[in-house]
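In what follows, a structure is listed as C-alpha cells, so that the remarks can point back to it.
Everything numeric here is computed off the predicted structure, so don't read it as measured data.
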Amino acid sequence: EKRPDPDAAARIRERATKLARDGELPYRDVEVLYAEYLFPNVTAEIDAKYKGKLVLLEGTVAPANMKDFVDGFKLVDQDPYVHEPLLLSIDYELSFVECSLAQPSVRPVRDWEPIHLIVEVVGKRYSDLMLRRCVIL
C-alpha cells in the first residue's frame, strides 16, 4: 500500500479471528477460490460474494520467478525469502494468484511451502486473481 501501516497485520488478524468465530469469514483452498472466481466467466455474482471481503486461504507458495517461466520450467529457491507480490500455486497454466502483502516484513517462506493466509479479495485481472492486505498466519 502507499503508506504502510505497521499495525495493519495485527488489526487484520484480530478482525479475522472475530469473523471466523462468528462464522462470517469464509475458509477456502486457493484452488477452490480461483476456480469459483473464474469459472464460469461471470464475475458479478462472485464479486458480490468475495470482492472487498476477507477470506481465510490455504495455499502453497509458488516460486517468485514463476511468471518468468510459464513454459513449465521453474527454478526453486531453497532459502526462505519474502517476495512481493507473493504468488500462490494453482494448477492452471498462465494464470496466477497474486497476494500483495499487508506488511513487507512478514515471516520468510520457501518455494512450495504450504501456508494459511488472511486476504482481502480484489478480484479478477485477465486470468489472474488479485488479493491484497495478505497476512501469513
Side-chain angles (χ1 to χ4, degrees):
E1 297 188 10
K2 291 182 182 178
R3 291 189 312 157
D5 180 356
D7 299 323
R11 281 199 323 275
I12 290 170
R13 281 190 190 104
E14 182 179 324
R15 181 173 177 214
T17 301
K18 181 188 180 317
L19 291 172
R21 284 186 187 139
D22 296 342
E24 298 177 27
L25 182 66
Y27 177 75
R28 298 285 183 271
D29 181 275
V30 70
E31 293 275 347
V32 171
L33 180 64
Y34 182 84
E36 194 173 347
Y37 218 99
L38 297 179
F39 304 106
N41 203 9
V42 179
T43 58
E45 290 177 23
I46 205 71
D47 271 347
K49 185 175 180 180
Y50 291 113
K51 192 169 187 174
K53 297 181 179 154
L54 293 177
V55 176
L56 180 58
L57 274 187
E58 176 182 3
T60 303
V61 176
N65 60 2
M66 187 176 229
K67 283 194 168 189
D68 298 331
F69 296 100
V70 293
D71 63 350
F73 175 73
K74 298 172 184 68
L75 298 175
V76 176
D77 188 352
Q78 297 299 320
D79 297 323
Y81 61 90
V82 175
H83 57 83
E84 175 71 25
L86 182 69
L87 295 179
L88 298 178
S89 175
I90 55 173
D91 286 336
Y92 300 94
E93 284 192 37
L94 304 177
S95 298
F96 304 95
V97 175
E98 290 187 14
C99 295
S100 296
L101 300 171
Q103 283 185 313
S105 60
V106 297
R107 135 183 114 73
V109 294
R110 287 186 169 83
D111 291 342
W112 309 116
E113 178 180 342
I115 58 173
H116 285 84
L117 308 110
I118 298 170
V119 303
E120 180 182 337
V121 178
V122 174
K124 182 170 93 169
R125 184 181 70 193
Y126 307 112
S127 65
D128 297 345
L129 181 58
M130 311 306 290
L131 310 171
R132 70 177 179 174
R133 296 184 181 164
C134 300
V135 176
I136 299 173
L137 301 177

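Taken to the nearest 0.5 Å, the CG atom of Leu86 stands 5.0 Å off from the CG atom of Leu88. The line from CD1 of Ile115 to SG of Cys99 is 7.0 Å long, rounded to the nearest 0.5 Å. From Leu101, atom CG reaches atom CZ of Arg132 across 13.5 Å, with rounding to the nearest 0.5 Å. Note that SG of Cys134 is 9.0 Å distant from CD of Glu120, once rounded to the nearest 0.5 Å. Separating the CG atom in Asp91 from the CD atom in Glu31 is a distance of 4.5 Å, to the nearest 0.5 Å.
Annotation: side chain of Leu117 is not in contact with side chain of Val135 (no heavy-atom distance under 4.5 Å).
Shortest non-hydrogen contact noted between Leu87 and Phe96 is CD2-CB, 4.4 Å.
In this structure, the side-chain contact (heavy atoms from CB on, under 4.5 Å) partners of Lys18, at least two apart in sequence or on a different chain, are Asp22. In this view, Tyr34 and Ser95 satisfy the side chain to side chain donor-acceptor pair (under 3.5 Å) rule, not counting sequence neighbours. Residues meeting the side chain to side chain donor-acceptor pair (under 3.5 Å) test with Asp47, sequence neighbours left out: Tyr37.
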Under the side-chain contact (heavy atoms from CB on, under 4.5 Å) criterion, do Val122 and Leu131 qualify, and how do the steps go? CA-CA 5 Å; Val122 174; Leu131 310 171; 5.7 Å; no

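Counting only distance, with no hydrogens or angles, the side chain of Asp128 and the backbone of Val97 share no donor-acceptor pair below 3.5 Å. Side chain of Glu36 to backbone of Leu33: no donor-acceptor contact under 3.5 angstrom is found.
Taken together through direct or relayed side-chain contacts under 4.5 Å among Ile, Leu, Val, Met, Phe, Trp and Tyr, Val119 and Val109 form part of one hydrophobic cluster.
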Show which side-chain atoms of residues 51-63 pair as donor or acceptor with protein atoms under 3.5 Å away, not counting sequence neighbours.
from, atom 1, to, atom 2, distance (Å)
Lys53, NZ, Ala48, O, 2.8
Glu58, OE1, Tyr27, OH, 2.8

